[in-house]
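Along the sequence shown, residues carry numbers from 1. All heavy atoms count here, side chains included; hydrogens, waters and symmetry mates do not. Read the numbers this way: they start at 1 and go in the same order the structure lists the ligands and their atoms.
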Amino acid sequence: MGPVGSPPVADQDKRRHPDTDSVALGYDAVRHLGSLKPPVYETSTFVFESAEAGKRFFEAAYGPRVEADGETGYIYSRLDSPNLAPAESRLASWEEAVDAAIFTSGMGAITSVLLTFLRPGDLVVYSLPTYGGTATLMNGLLRDFGVVTRSFRSDARRDDLDAIVGDGELAMVYVETPANPTNELFDLDLAAGLARDHDARLVVDNTFLSPVWQKPIRLGADLSLHSATKYLGGHSDLTAGAVCGGADDIAALRRTRYEIGTTPSPSTAWLLTRSLETLRLRVERQTVSAIEVARFLAEHEKVSTVSHLSLLEEGTAQHDIYERQCEGPGAMVSFQIEGGEAECFRFLDAMGVIRLSTSLGGTESLATHPWTMSPPTVPDDEKRSLGVTPGLIRLSVGLESLDDLIADLDQALTAV
Ligand SMILES: Cc1ncc(COP(=O)(O)O)c(C=O)c1O
């Protein structure tokens, strides 16, 4: 008998609809003592049946798989473990990608992508606003390693992008859309055209909408990545990242993953697999509530502006992008409270059902104050120009009763 399970495979030829794949793909119960659900293989290392088998497994892991004739198996959990394949193949199915790889965190996934596909002297252009950790990496460590990084804004047109690229050696276009924390969209058609013309990779951070509402690979991206800590994990009880893309790119990312050690633990991979089973149910229900929450906030006298994709006005450039690349508005709502930091703090401290916390995408509703509660690497004037002002609240709508959520927002706004 061969090894239990198999090395990561996207199981492309076995794919069905993601709703079906979410509960079964990438796992064969017969090879796991008939256990309906994947057991957690909480072990750091695997025993070889013989020295010859160990040799073959190493050849398979470190050389091209096709050259490793015969059976392959597990060696060491930093390289691979049986809990990775179910999560990875199900994610690949969701993202319409050939394959996927999961990581210790969203930043672990992003760092692995940047280290794998950029070299000193290369240029990466990235969209703003973007998650603070990503901006910090682009402006700091990546530059220290000799990569040239330049940013562009969500309203950039092709002429603007060409001017930003100049005569740089463009190797990567990195887009976060919708952007954290303002929900601004960037046109992936435009980004894909730029990447294509320079033979560069298009990488999209799809954390905010999840593959339920946006499929970047269908829209021209080479890689779609996630903080799986958010909607993919969905319960605020795991930290993980994910990248979906073509076979060669994902194989290269797996090599980076075991070289630098950004492989998630078996328990984390197992928990993520479990969470993907309910991804659509959670995201759809959270989105239905978010549409009502956004509508309520937009009519409230203490709220000056609300940013939710359901409120985009027809005829605007943002609405046009939404129509072309999103299948639903998601459950992230940003809004400006009349006033500034003091008013926001009164609102946040008065919340009851909604919790004051910095993450998003979980079953519970969370609100945060991006002006004071994100990495302090972006200067204040730049934050303001990106729409991240002292009056901004970011709300992740959870699965609680909509009536309770609206009542909580209403009473907290009276405290402002
Ligand atoms: C859009 C986005 N991308 C990436 C990350 C980083 O993910 P993680 O916290 O899992 O490292 C975050 C975290 O908030 C995020 O919001």
Ligand 1 atoms in contact with Asp205 (distance to a heavy atom under 4.0 Å): 1 (C), 2 (C), 3 (N), 4 (C)
Exceeds 12 heavy-atom contacts within 6.0 angstrom, atom CZ of Arg16: no
Numbered atoms and elements of ligand 1 in range of Thr207, under 4.0 angstrom, heavy atoms: 1 (C), 2 (C), 3 (N)
Numbered atoms and elements of ligand 1 in range of Lys230, under 4.0 angstrom, heavy atoms: 9 (O), 12 (C), 13 (C), 14 (O)
Other residues, nucleotides, ligands: >12 heavy atoms within 6.0 Å of Arg355 CZ: no
Tyr126 and Asn139: CA distance, side-chain angles, deciding distance, side-chain contact (heavy atoms from CB on, under 4.5 Å) verdict: CA-CA 11 Å; Tyr126 66 98; Asn139 290 320; 3.1 Å; yes
Phe186/Phe152 aromatic ring centres below 6.0 Å: yes
Any N/O pair Gly106/ligand 1 closer than 3.5 Å: yes
Shortest protein contact, atom 11 (O) of ligand 1 (heavy atom only): Met107 N, 2.8 Å
Atoms in ligand 1 flagged as close to Ser105, the criterion being non-hydrogen separation under 4.0 Å: 10 (O), 11 (O)
Ligand 1 contact on Glu176 by region, counting heavy-atom pairs under 4.0 Å: side chain
Part of Ala240 within contact of ligand 1 (heavy atoms, under 4.0 Å): backbone
Worked verdict on Val378 versus Val388 for side-chain contact (heavy atoms from CB on, under 4.5 Å): CA-CA 10 Å; Val378 183; Val388 183; over 6 Å; no
Donor-acceptor under 3.5 Å (Asp408 side chain, Ile354 main chain): yes
Atom 6 (C) of ligand 1: the protein heavy-atom neighbour that sits closest, reported with distance to 0.1 Å: Tyr131 CE2, 3.4 Å
Ile110 N/O under 3.5 Å from ligand 1 N/O: no
Glu184 side chain vs Leu128 backbone, donor-acceptor pair below 3.5 Å: no
Side-chain donor or acceptor of Ser35 paired with backbone N/O of His32 under 3.5 Å: no
Under 3.5 Å: N/O of Thr239 near N/O of ligand 1: no
